[in-house]
K.L.:
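My questions will all concern the structure given below.
Quick caveat, the model's predicted, so the values are computed rather than measured.
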Amino acid sequence: MSLLKEPDFGTPARAGEATVEITVDGIGVAVAPGTSVLRAAKDAGIDVPKLCATDSLEAFGSCRLCVVEIDGARGTPASCTTPVAPGMVVRTQTGKLGKLRRGVMELYISDHPLDCLTCSANGDCELQDMAGVTGLREVRYGSGVDAGANHMDLLKDTSNPYFEFDPAKCILCSRCVRACDEVQGTLALTIEGRGFGSAVSPGGTDFLSSDCVSCGACVQACPTATLQEKSVVELGMPTRSVVTTCAYCGVGCSFKAELRGDELVRMVPHKDGGANEGHSCVKGRFAFGYASHPDRVLAPRVRDSIADEWREVSWEEAITHTAQRLRAIQAEHGTGSIGAITSSRCTNEEVYVVQKMVRAAFGNNNVDTCARVCHSPTGYGLSQTFGTSAGTQDFASVADADVIMVIGSNPTDAHPVFGSRMKKRLRQGAQLIVVDPRHIDLVRSPHIEAAHHLALNPGTNVAIVNAMAHVVVTEGLVDRAFVDARCEDVPEWEAFIADPVHAPEAVEEITGVPAADVRAAARLYATAGNAAIYYGLGVTEHSQGSTMVMGMANLAMATGNIGRSGVGINPLRGQNNVQGSCDMGSFPHELPGYRHVSDGSVREVYNELWGVDLLDEPGLRIPNMFDSALDGSFRALFVQGEDIAQSDPNTGHVHAALAALDLVVVQDLFVNETAKFAHVLLPGTSFLEKDGTFTNAERRINRVRPVMPARTGKQEWQIVCEIAQAMGYPMHYDSSAQIMDEIALTTPTFAGVSFAHLDAVGSVQWPCTEQLPGGTPIMHVDGFVRGKGRFMVTPYVPTRERSTRRFPLILTTGRILSQYNVGAQTRRTANVTWHPEDVLELHPHDAEVRGVTDGDRVELSSRVGTTSLRARISDRMPVGVCYTTFHHPVSGANVVTTDNSDWATNCPEYKVTAVQVTPSTAPRAAASAHERTTVGAAGA
Amino acid sequence: MPDYHHDGLDPVVRMAEDMVAQFAHRPPDDAAAAVAAHVRKFWDPRMRRRLVTVVDEGADVDPVVVRVAEMLSPGVPAP
């Protein structure tokens with residue numbers, strides 16, 4: 001539930017023209033075929049009483065409150081389960097109906113505690129509301145504990161850290177069970193027992209021990225206080241609401257932040273949110289406590305050396321000191337000796353000003369963003385083939401897919417709200433191909449089973465995608481009309497891919513995937529109708545990440561799966577604003593809107609507006625900054641909201657580079673691992689304090705509205721502007737809206753974007769221009785952005801990283817549902833209940849031959865470092881492959897990952913590291929020698 | 001520079017060789033031209049200079065990398 005209510009139409013909307021005309025209580029209304037009478041009544045402005053119906057769920061017809069009378073129909077049918085018919089005449093308010101409804105309510109109330117005044121749902125209870133609207137004045141059967149046999153002595157389940165389950169208040173409407181089934185798709189809840197013994201159950205155990213993923217859909221659906229947020233129980237009902245955008249993954253869910261004063265009580269998913277349409281996950285829904293965590297840094301800090309203690313200073317001193325040090329370093333070591341990293345967790349406006357500070361005030365192009373280490377190959381690959389650096393679809397498109405191919409992505413963990421959308425479509429019958437070394441949950445879950453799981457050897461993506469394309473070309477499955485009309489470089493590519501060296505049989509030994517499976521998957525993808533590819537970092541974080549992106553684009557073009565709903569190439573972005581940080585010109589070779597710095601006409605736009613003479617040469621990328629720090633040509637780094645010391649590969653290398661710098665400025669919420677190498681710490685704002693926009697994985701620009709004042713006293717963009725000004729470059733905005741106005745003025749794909757427009761329409765997907773004010777949900781509909789789609793030759797080149805006798809296993813890394821990235825936020829919430837430490841997943845065979853049992857501490861070693869984790873024996877892993885996450889600095893998964901990187905973009909190869917695993921006797925193994933040295937020097 | 005990758009390669013050489021491997025299906029001069037174009041588009045000038053220097057100093061590198069370095073040498077105009 002939500003105190004600050006949106007209209008509830010009772011049953012879901014039906015697609016189609018409003019062609020069915022009916023009359024409800026004398027009011028005419030036209031609705032789409034298949035619409036329920038309940039919803040049609042709401043469309044006519046008439047609220048029919050209801051309890052088991054809500055518009056996020058299909059009709060169930062159990063509560064009998066929504067009964068109506070229909071001319072010519074017998075009895076009093078439930079309006080939720082009765083579809084409209086032409087000419088239907090409906091009455092919702094008659095004496096007979098009133099009596100029936102009061103009778104129903106009497107039965108409900110006879111088995112419900114009458115503690116409304118002290119109930120946590122007081123004022124937000126649909127049972128209470130219905131007692132009112134039905135005119136209930138007496139309960140003939142008695143009520144409360146005097147009503148005979150009842151359920152009021154059932155005990156609460158408080159095991160979940162975020163919500164409680166009080167079965168004494170349950171009315172068995174099944175909304176929670178249905179929400180878990182239909183919205184989330186986990187099917188963790190059920191109604192156990194029969195008749196009077198019926199009860200909602202999370203599978204015969206408590207919620208925490210069950211399959212429940214704490215998405216909150218059941219809490220949202222519950223009409224009483226049976227499932228209630230603990231924060232509401234503790235703090236009381238919120239009194240105001242602000243619609244804003246989640247700051248976790250790239251799905252970009254819209255939420256209503258519900259508050260009492262400036263105290264956030266709960267986050268409720270927004271039904272009108274284009275990305276999530278009322279759904280949420282455990283992070284966005286519940287894990288917001290980090291914003292008020294005592295670890296927050298709220299005042300600037302400065303120190304001369306990283307061996308010194310921090311000294312709290314005023315904003316003025318911090319800004320002046322930062323600017324003077326940056327200029328002094330430039331004076332001594334050159335203009336190009338300093339740079340910055342922008343954050344994919346910050347707003348577009350905050351990112352834009354950092355890249356502007358670098359280009360205009362620093363006078364160089366040494367700006368990069370954390371997309372470097374995740375989706376930079378997406379930018380390169382899709383730009384080369386399609387002409388723009390973004391996914392092709394909106395999330396809703398998946399509902400039209402006939403076959404879904406998931407490559408190197410685990411959406412139920414990493415992008416859970418989109419994962420639920422995908423699962424819904426799969427339960428409806430779309431076919432599934434999973435390309436992943438691991439047996440991820442999607443491969444087989446309730447009512448879902450992959451038609452093909454291509455469990456390839458890590459590092460062989462390109463061989464697989466080429467083999468699939470080979471089948472398409474050699475078996476005559478090319479969409480010739482599409483390719484001939486809309487693509488170029490076709491003959492060269494077809495000649496390349498038809499070479500027998502790419503045949504599934506030829507690459508079987510490389511990929512480890514039986515050729516017959518590859519052929520069957522390729523035929524399914526090419527012939528099933530609408531085929532959509534969804535992919536993640538399992539594609540990009542390889543030495544051939546860019547090649548793989550181009551290979552997928554080739555496959556989609558060859559089969560005509562571009563330019564309409566249900567198809568496309570869809571990167572699932574890791575962080576909330578990865579897309580936006582790239583859009584805003586965070587790459588060292590590109591100005592906002594993906595325009596190369598060598599383009600004189602684009603530079604001229606900025607030269608004129610900013611009063612500068614921009615460089616026409618690219619600057620350093622993040623890994624290049626580290627190398628240049630070690631060779632002495634790069635001396636100072638401004639890091640906006642990223643924890644590169646934990647998240648970037650080969651920790652020993654990163655720490656040595658950071659320690660070599662003369663000045664590290666960190667802008668962040670916490671003293672993170674990178675801050676241990678910093679000389680200036682500028683406190684940042686949480687998403688609850690920001691005013692700006694995020695752009696999600698479907699190019700949707702969402703407003704981020706300030707829910708409370710900045711706890712630091714300054715917005716992050718203000719701090720950056722003040723540093724630039726202190727460096728002598730005039731940079732001032734009155735508001736973040738003004739920054740977006742400048743972005744729109746200078747970036748053609750954002751030309752129609754403004755805060756006012758977003759506030760009016762909710763959100764838009766770029767390109768958003770004067771001609772396209774509603775944005776562009778699906779790209780490349782009539783033609784590609786670059787004109788014709790370009791086929792690219794994509795040879796398979798094995799990674800440098802090889803398993804050997806010394807390092808016989810391959811480690812691949814990723815994330816899990818409850819934690820996010822380096823864990824700086826989620827580790828400071830109750831989400832640690834589910835994932836208190838990173839663990840190493842191992843196949844039972846690999847564990848057995850090493851004498852490792854489940855829960856043992858093991859030493860994980862690679863060519864670059866060693867760390868220690870607890871082992872988890874898991875048959876999700878193939879033999880020879882192990883897996884861990886990088887959410888906890890204490891285990892430091894990146895101590896072992898290497899500097900191997902994508903050939904085109906330097907995106908690190910996190911997904912392939914040759915390792916050895918041995919039983920460990922130490923309680924906490926050390927990291928690499930480099931890390932020991934570096935961390936010791938940092939005093940950390 | 002310390003060898004944090006434990007492979008003895010200068011980072012710019014490793015990156016250049018990675019690129020050359022991607023274009024190995026092309027004739028050597030074509031491959032070198034493609035890599036040089038990529039480097040011009042995406043590498044900071046100091047990295048380009050370093051590659052040229054490392055090759056000039058006789059590093060043991062792929063012959064196509066040598067050709068790339070020649071194309072990136074000062075005074076050689078971009079095509």
Side-chain angles (χ1 to χ4, degrees), chain A residues 334 336-337 339 364-366 380 496 499 543-544 546-547 587-590 596-598 615 617-621 623-634 650-657 660 793-795 797-800 862-865 898-906 928 930, chain B residues 1-28 30-55 57 59-62 64-65 68 71-74 76-79:
Chain A
S337 62
N364 62 46
N365 285 320
N366 293 331
Y380 181 83
F496 162 79
D499 189 315
S543 60
Q544 281 206 292
S546 292
T547 312
F587 288 136
H589 65 283
E590 283 175 339
H596 200 272
V597 293
S598 63
L615 283 187
E617 291 273 19
L620 294 169
R621 307 189 277 206
N624 315 144
M625 291 179 186
F626 297 150
D627 290 334
S628 299
L630 291 167
D631 76 18
S633 68
F634 189 70
N650 193 352
T651 302
H653 182 204
V654 176
H655 287 195
V793 170
T794 54
V797 178
T799 170
R800 289 175 178 272
S862 74
R863 293 180 177 90
V864 303
T898 72
D899 287 321
N900 287 335
S901 65
D902 172 47
W903 66 271
T905 66
N906 278 153
S928 70
H930 296 310
Chain B
M1 187 189 304
D3 180 17
Y4 286 96
H5 193 63
H6 304 271
D7 64 2
L9 291 175
D10 189 293
V12 292
V13 171
R14 186 188 320 120
M15 287 187 272
E17 290 191 340
D18 284 347
M19 278 187 272
V20 166
Q22 299 298 318
F23 294 99
H25 59 285
R26 295 199 196 177
D30 281 5
V35 172
H38 188 94
V39 165
R40 282 192 198 93
K41 190 170 181 181
F42 294 104
W43 282 22
D44 180 279
R46 84 190 73 180
M47 296 166 61
R48 307 201 297 252
R49 289 194 295 271
R50 183 169 180 84
L51 180 65
V52 171
T53 301
V54 169
V55 171
E57 289 172 350
D60 181 19
V61 298
D62 186 298
V64 179
V65 173
V68 171
M71 292 176 173
L72 295 172
S73 294
V76 177

K.L.:
Just verifying a value: how many Å separate Ser633(A) OG and Met47(B) CE, rounded to the nearest 0.5 Å?
P.N.:
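Interatomic distance, Ser633(A) OG to Met47(B) CE, rounded to 0.5 Å: 10.0 Å.
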
K.L.:
Apply salt bridge (charged side-chain N to carboxylate O under 4.0 Å, His left out) to Arg46(B) and list each qualifying residue two or more places apart in sequence or on a separate chain.
P.N.:
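Residues passing salt bridge (charged side-chain N to carboxylate O under 4.0 Å, His left out) with Arg46(B): Asp44(B).
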
K.L.:
Please state whether the side chain, the backbone, both or neither of Met19(B) comes within less than 4.5 Å of a heavy atom of chain A.
P.N.:
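Both parts, backbone and side chain.
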
K.L.:
Contact part of Ser598(A) toward chain B, heavy-atom cut-off under 4.5 Å: side chain, backbone, both or neither?
P.N.:
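For Ser598(A), neither part sits under 4.5 Å from chain B.
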
K.L.:
Tell me, side chain or backbone of Pro795(A) under 4.5 Å from chain B's heavy atoms, or both, or neither?
P.N.:
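For Pro795(A), backbone and side chain are both near chain B.
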
K.L.:
Non-hydrogen atoms of chain B under 4.5 Å away: do they reach the side chain of Thr794(A), the backbone, both or neither?
P.N.:
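Contact with chain B involves no heavy atom of Thr794(A) at all.
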
K.L.:
Using non-hydrogen atoms and a 4.5 Å limit, figure out which bit of Asn364(A) sits close to chain B: side chain, backbone, both or neither.
P.N.:
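Neither part.
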
K.L.:
For a quick test of reading the model, state the closest non-hydrogen atom pair linking Pro618(A) to Pro45(B) and the distance between them.
P.N.:
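It is O-CD, 3.4 Å.
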
K.L.:
Roughly how far apart are Asp627(A) CG and Met15(B) CE, rounded to 0.5 Å?
P.N.:
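Going from CG on Asp627(A) over to CE on Met15(B), the span is 6.0 Å.
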
K.L.:
Please look at Tyr380(A) and chain B and tell me whether the side chain, the backbone, both or neither of the residue comes under 4.5 angstrom of a heavy atom of that chain.
P.N.:
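It is the side chain, since no backbone atom gets that close.
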
K.L.:
Could you tell me which residues in residues 32-42 of chain B have at least one non-hydrogen atom under 4.5 Å from a non-hydrogen atom of chain A, sorted by residue number?
P.N.:
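So the qualifying residues are His38(B), Arg40(B), Lys41(B), Phe42(B).
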
K.L.:
Any side-chain heavy atom of His589(A) within less than 4.5 Å of one from Trp43(B)?
P.N.:
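Of all side-chain heavy-atom pairs linking Trp43(B) with His589(A), none is under 4.5 Å.
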
K.L.:
Taking side chain as everything from C-beta outward and backbone as N, CA, C, O, which of these in Glu590(A) sits under 4.5 Å from a heavy atom of chain B? Side chain, backbone, both or neither.
P.N.:
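Neither part.
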
K.L.:
If I measure from the heavy atoms of chain A, does Arg26(B) come under 4.5 Å with its side chain, its backbone, both, or neither?
P.N.:
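Arg26(B) has no heavy atom closer than 4.5 Å to chain A.
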
K.L.:
Please classify the contact of Asn366(A) with chain B as side chain, backbone, both or neither, using a heavy-atom distance under 4.5 Å.
P.N.:
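Side chain only.
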
K.L.:
In terms of heavy-atom proximity below 4.5 Å to chain B, should Val597(A) be classed as side chain, backbone, both, or neither?
P.N.:
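Val597(A) has no heavy atom closer than 4.5 Å to chain B.
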
K.L.:
Is any side-chain heavy atom of Arg800(A) closer than 4.5 Å to a side-chain heavy atom of Leu9(B)?
P.N.:
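Of all side-chain heavy-atom pairs linking Leu9(B) with Arg800(A), at least one is under 4.5 Å.
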
